[in-house]
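All values below were derived from every heavy atom in this structure, side-chain atoms included, with hydrogens, water molecules and symmetry-related copies excluded. Just so it is clear: chains get the letters A, B, ... in the order the sequence lines come, proteins before strands, and each one is counted from 1.
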There are 2 protein chains.
Amino acid sequence: MVQLGRHFGTGPASLAEVAADEDLPRAYLEQLVTSLRDAGLVRSTRGARGGYELARDPAEIRMGEVLRALEGPLAPMICATADPEHATTCDRSARCTVNVLWVRVRDAVNSALDSMTLADLVPEPGAPTTLPTTTLTGALTPS
Amino acid sequence: MVQLGRHFGTGPASLAEVAADEDLPRAYLEQLVTSLRDAGLVRSTRGARGGYELARDPAEIRMGEVLRALEGPLAPMICATADPEHATTCDRSARCTVNVLWVRVRDAVNSALDSMTLADLVPEPGAPTTLPTTTLTGALTPS
DNA sequence: CTCAATCCCGACGAAACTACTCGGGATTGA
DNA sequence: TCAATCCCGAGTAGTTTCGTCGGGATTGAG
């Protein structure tokens, strides 16, 4: 995604390119990018000179979206999934008091991820690696 | 640990007890409790009528300590371990710009875990499950 | 003193997951 | 027409997690 971010605005980048730049197997990237496409984060163009490009501006893509697209609902335990579709109650839920903790961790992780956008991670060609400025957070309140 | 928390003050609890209460295999608990003992979170008494007990008051045991004792340094990626002893630089670190993100996630997780103590999770015999009040956080600042 | 209840320890094993491979098909620009 | 792409589903090696197994050391109770 960072690679596609660098490439943003200049048409699609082929998986072969990304694979070379990032030193990852092309076949593997194919798998990953499929999830990203299904999540609407990247657009694909088929045929010769085709490839992938970001569906939105890097600044509009929260890292939480990327990670959730790749990994599914981000939760430290099954009993703490935010997504009600994937909700599964473990058989211990009656006695277990730890759920509160997992929910907090889950929210902390998702807030942290959603507080940065892809733009924060795409290296500007000229400038040195700067600290990110984007902050749409405000959701880290622990209680 | 929650079980030991309930038992706090009334002498050691045997693994057999905990295993029964928590419906987990005793032999497995043995493994876990070894890490907890090595981390100084529980004390063991050998011989008949022996067992394990918390080394400190439940309110003085942060959940982060427990999790780190059981799982090692809590980091979403190898390149973001706080503990310099376990530090390993991945061969991608030169080009990779994502480290900042992992560090944020790591800190968010550890803060969330350290913001609750075992006491927050031990059910009071009389009272219903209440929301935790302990907050020694203040470390969640994202920038 | 003896013995049963306990902790202590190291090695082993199965199931699940992660990161990746493979082979072939569909689409499209040159 | 054909090569460069994306598309798709199935397979697989290595690691990790969760748990097993067998036996040894320690100690309170009778």
Rounded to the nearest 0.5 Å, what separates atom CG in A:Asp107 from atom CG in A:Leu74? 11.5 Å
Please list, chain by chain and in numerical order, all residues satisfying salt bridge (charged side-chain N to carboxylate O under 4.0 Å, His left out) with A:Arg46, sequence neighbours excluded. none
So what does the secondary structure string of DNA chain C come out as, 5' to 3', with Watson-Crick or wobble pairs under 3.5 angstrom, [ ] for crossing and | for pairs with another strand? ||||||||||||||||||||||||||||||
May I ask you to decide if A:His7's main-chain N or O and A:Thr10's side chain share a donor-acceptor pair within less than 3.5 Å? yes
B:Leu101 with A:Leu70, same ILVMFWY side-chain cluster at under 4.5 Å: yes
Any pair counted as side chain to side chain donor-acceptor pair (under 3.5 Å), so long as it reaches residues 18-30 of chain B, sequence neighbours left out: B:Gln3-B:Glu22, B:Arg26-B:Glu30
Expected list for residues 6-23 of chain B near DNA chain D, using heavy atoms below 4.0 Å, is none
Can you list, by residue number, the residues of residues 46-57 of chain B that have a non-hydrogen atom closer than 4.0 angstrom to DNA chain D? B:Arg46, B:Gly47, B:Ala48
Strictly below 4.0 Å, heavy-atom distances to any atom of DNA chain C: list the hits from residues 36-44 of chain B, or just say none. B:Arg37, B:Ser44
Between CG on residue B:Asp120 and CD1 on residue B:Ile61, distance to nearest 0.5 Å: 12.0 Å
Can you find a pair of side-chain heavy atoms, one from A:Pro58 and one from A:Leu121, that are under 4.5 Å apart? no
Going by number, which of residues 26-34 of chain A have a non-hydrogen atom under 4.0 Å from DNA chain C? A:Ala27, A:Tyr28, A:Gln31
Excluding sequence neighbours, so at least two apart, what forms salt bridge (charged side-chain N to carboxylate O under 4.0 Å, His left out) with A:Arg68? A:Asp114
Same apolar cluster: B:Leu4 and B:Phe8, side chain cutoff 4.5 Å: yes
CG of A:Leu29 to CD of A:Gln31, rounded to nearest 0.5 Å, is 10.0 Å
Just by modelled atom types, is the A:Ser93 backbone N or O under 3.5 Å from a matching donor or acceptor in the A:Asn99 side chain? no
Those residues that, when tested against A:Arg56, pass salt bridge (charged side-chain N to carboxylate O under 4.0 Å, His left out) (two or more places apart): A:Glu65
With the 4.5 Å side-chain cut-off for hydrophobic clustering, are A:Met116 and B:Trp102 part of the same group? yes
Taking side chain to side chain contact (heavy atoms under 4.5 Å, CB included) as the test, write out the residues that go with B:Ala39, two or more places apart. B:Leu41, B:Ala69
B:Thr45 versus B:Glu53: any side-chain heavy-atom pair under 4.5 Å? yes
Answer whether the closest heavy-atom distance between the side chains of A:Leu32 and A:Met1 falls below 4.5 Å. no
Sort and list the pairs that fulfil salt bridge (Lys or Arg N to Asp or Glu O under 4.0 Å) and have at least one residue in residues 31-44 of chain B, not counting sequence neighbours. none
Span of DNA chain C, from the first to the last nucleotide whose atoms fall under 4.0 Å of chain A heavy atoms: C:dA19 to C:dG29
